[in-house]
Protein chains: 4
Amino acid sequence: MSQDDTQPPRRGRPPSKAARQKALMAAREILATQGFGRLSIEAVAARSGVGKPTIYRHWANAGELVMEALMSDLPGRAPASGGGLVEGLRGQLHLLVAAFATTRGRQVAMVLAASDPESEMTKAFRHRVILSSREHGRSLIEAAAQAGEIDRPQDIEIILDMIYAPLFYRLLVGHLPIGPDFAEGLAEHAGRLLGGNAAEGPRA
Amino acid sequence: MSQDDTQPPRRGRPPSKAARQKALMAAREILATQGFGRLSIEAVAARSGVGKPTIYRHWANAGELVMEALMSDLPGRAPASGGGLVEGLRGQLHLLVAAFATTRGRQVAMVLAASDPESEMTKAFRHRVILSSREHGRSLIEAAAQAGEIDRPQDIEIILDMIYAPLFYRLLVGHLPIGPDFAEGLAEHAGRLLGGNAAEGPRA
Amino acid sequence: MSQDDTQPPRRGRPPSKAARQKALMAAREILATQGFGRLSIEAVAARSGVGKPTIYRHWANAGELVMEALMSDLPGRAPASGGGLVEGLRGQLHLLVAAFATTRGRQVAMVLAASDPESEMTKAFRHRVILSSREHGRSLIEAAAQAGEIDRPQDIEIILDMIYAPLFYRLLVGHLPIGPDFAEGLAEHAGRLLGGNAAEGPRA
Amino acid sequence: MSQDDTQPPRRGRPPSKAARQKALMAAREILATQGFGRLSIEAVAARSGVGKPTIYRHWANAGELVMEALMSDLPGRAPASGGGLVEGLRGQLHLLVAAFATTRGRQVAMVLAASDPESEMTKAFRHRVILSSREHGRSLIEAAAQAGEIDRPQDIEIILDMIYAPLFYRLLVGHLPIGPDFAEGLAEHAGRLLGGNAAEGPRA
DNA sequence: CATTAATCGAGACGGTACGTCGGGTCTTTAC
DNA sequence: GTAAAGACCCGACGTACCGTCTCGATTAATG
């Protein structure tokens, strides 16, 4: 907001970064061992040794705390595989699948479904956790179009949804497993969707 | 299921269908006016006049009650449009989008995310609400293959996910609106995915 | 019961005396093993195999059932000891103390305190369980007066209370044990209260 | 008990005395207007505006709350009437009778009968409400013996029971009214029991 | 170095809802 | 036509967390 963020050195004890970290750590542990349903502010306070009011000073409710706890260890960008478009998508989808085909995957879906969709924290969570991969896909496609590898698609939003939605769909519905084959198939069909000449099968 | 469902007339007072219906009705009203977050067994009991223990006799928890309440008024099958494969998909997707592009859509996602994925009720809910449309799509595709309209696709599971996942993805993430254009685009891309000769878009 | 009970042959299933007895038996068992606090109509029904509505057909509430269950095995009249007034009282008080210095004693106090004091069953219980001994005492005193052993006391009601109240007082308050010494002391003081010439100590 | 009761200043928010008082006040009101049978924690919470968990933080169950509510407004010590022993007993018994010949009297009996006899609260209640008058009587008797007014009785426990039990007996059994005549008669007979020369009745 | 002020932990507060127990009534089938 | 079984509505139970609010204890920057 202000261009000069050198906050006027306020008097009194500054907020403790350690408390914040302890709460996040405890939240991650509870998520890992007991699940989202068992995570309560009370439990986080008890496990972390941080007082409840301190937790409420940092997060508005349990959902926001959980979101922040889940926003670490995200699948970093795929390492810019030199290959073509499908190659790039394949790499990213493998990373994504590996990152979400765990307990955390369902937790992400749960917290997303349970949170107030208008909250700032929820928006940030959606962008960082869900949509960032979609945006990465968009840039891969646009780069391929720029390079003449494919024609620029007209309905890119729907295509992006078709590529990235199935992962969360399987996560939520659980009708089929999520594994490397799944990422492979998605990448291949994405290629077919983006350009007929993409005659590059799943690794020959 | 069994051919002889004449259950042996059990002793004692039979469960009241009226109580069951009153509870479901109250649940639907609360969902419509206050949302899933405000729906509690207590509130359903108060609004319906049905006792709490009676509600617990019928459903194990609020999630199961909500699932059953949401399982009515589903988008019936598309009316067997005489046209080709894409025409059939288009009709179904329009119905689906119309059915879920409402408050109920997000509620379905929320209750699904929040429920015990192993519960029988959750499984029934997933099949009736989420997967039934997917299965309908499968039968459309297989009929088209049978008719020689398209080649039989190899990865039909992934294709089905790509067609039906985006609706729930947008529902959950909320990054883009859900409307007729969306159904249109999905049907068109589905056609492209299923057969090269699908030059039968809505645009010329 | 009687050999010539030619009841007008009423239609339908006759009321089962067995059900009544089974319920009373179950109530006694629960009183003995779990106490008055754990006795509920539900528990009696479960243990006895008698239906709840049947129990309610016989007793208005748990209190009345308990009262009837406790009204058996009461201390019979003392065997008319040939001796004087104090001798008679002593015999009766020993019987009383023996009958109430058990778990049942406290239960009698509890059910009496908890019951609706206006109910017919409560009145019957009070007369049979509490006041019958007091009335026996009255007749002993009046016989002694008749025989010239003592002067007829003026405040006989208060004297009767002073003789019979302490047992229930100790039962309720529990500040001192209830045993033979207690009966002995009561009888002796009762004699002193009733006539100065009653110079007959506790068995010389 | 400990001579240094400066309790170590505990951390955290201290219990609110106001909440405690509000709950006790509501309990007294319910006792007065609806009776012990209608008193539930829920009702106390609703009437007092105090939360249910707060009530449970202060008392283990309804019985203990009621006991504490009943422990106020006790019949203070009789004002040390200058007269002799019987005069002292008479004064105290009149106060006692006046204090218990009300609805509260039966409530005291009910709560005492219904409470766990081993609970600390029950013990305190018995001592403060029931036995304190008995102890006062003991000190009156011992003072009279010290002063040579009477011989020291041997069975003082039984005598004390005979003096103080009838009040609670009538309360519990309800066979006779409790009024000034009753107190009068008790005092007179107590005098007769304690010493032959107690020719100081209220009559002549 | 003492003061001061904000944050910390602890924990009680008024609440809401939970899931369960038992009360007393009513309905259905069996005897 | 009564008995059993058992579901009904209802009230209350005692507990878990919620999010807020005092408290005494800590801790840094200020004076």
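In what follows, every heavy atom counts, from backbone to side chain, and hydrogens, waters and symmetry copies are set aside. The sequence lines fix the lettering, A, B, ..., with proteins before strands; numbering per chain opens at 1.
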Which value, rounded to the nearest 0.5 Å, describes the distance between Leu24(C) atom CG and Glu68(C) atom CD? 5.0 Å

With respect to the side chain of Tyr56(A), which nucleotide from dG19(F), dA4(F), dC18(E) is positioned closest? dG19(F)

Hey, is the side chain of Thr54(B) poking within less than 4.0 Å of OP1 or OP2 on dC9(F), counting only N and O atoms? yes

Would you mind reporting whether Pro15(D) and Arg57(D) have side-chain heavy atoms less than 4.5 Å apart? no

Whether the side chain of Arg13(D) and the base of dC13(E) hold a donor-acceptor pair under 3.5 Å is what I'd like checked. no

From the candidates dA12(E), dT16(E), dC18(E), the one with an atom nearest any side-chain atom of Pro15(D) is dA12(E)

Interatomic distance, Arg47(D) CZ vs dA12(F) C1' [rounded to whole Å]: 17 Å

Over all strands shown, is Ala43(C) touching base, sugar-phosphate only, or nothing at heavy-atom distances under 4.0 angstrom? nothing

Decide yes or no for Leu39(C) and Val66(C): does some side-chain heavy atom of the first lie under 4.5 Å from some side-chain heavy atom of the second? yes

Atom-to-atom span, CZ of Arg20(D) to C1' of dC13(E) - whole angstrom: 15 Å

Return the 5'-most residue of the pair Ile55(D), Lys52(B) with respect to DNA chain E, ranking by each residue's nearest nucleotide. Ile55(D)

Does a nitrogen or oxygen in the side chain of Arg57(A) sit under 4.0 Å from OP1 or OP2 of dT7(E)? no

Please state how far atom CD1 in Ile41(C) lies from atom P in dC26(E), giving the value in whole angstrom units. 17 Å

What is the separation between atom CG on Leu65(A) and atom P on dC17(F), rounded to the nearest whole Å? 15 Å

Check: Lys22(D) main-chain N/O paired with Ser48(D) side-chain donor or acceptor under 3.5 Å: no

Which whole-number value in Å describes the distance from Gln21(B) CD to dC8(F) C1'? 16 Å

Would you find a donor on one side and an acceptor on the other, under 3.5 Å apart, between the side chain of Arg106(B) and the backbone of Ala113(A)? yes

Gap between atoms CG and P, on Asn61(B) and dG19(E) respectively (whole Å): 7 Å

Whole angstrom is fine here: how far is it from CZ in Phe36(B) over to P in dA17(E)? 14 Å

Where each residue is assigned the nucleotide of DNA chain F containing its nearest heavy atom, which of Ala62(D) and Ala62(A) is assigned the position nearer the 5′ end? Ala62(D)

Nearest to the side chain of Glu42(D), heavy atoms from C-beta on, is which of dA12(F), dG24(E), dG6(F)? dA12(F)

Quick note, Ala19(A) side chain, CB onward, closest among dC10(F), dG9(E), dG23(E) is dG9(E)

Check the distance between dA16(F)'s P and Leu39(A)'s CG and give it to me in whole angstrom. 17 Å

Closer than 4.0 Å, any side-chain N/O of His58(D) to the OP1 or OP2 of dC13(E)? yes

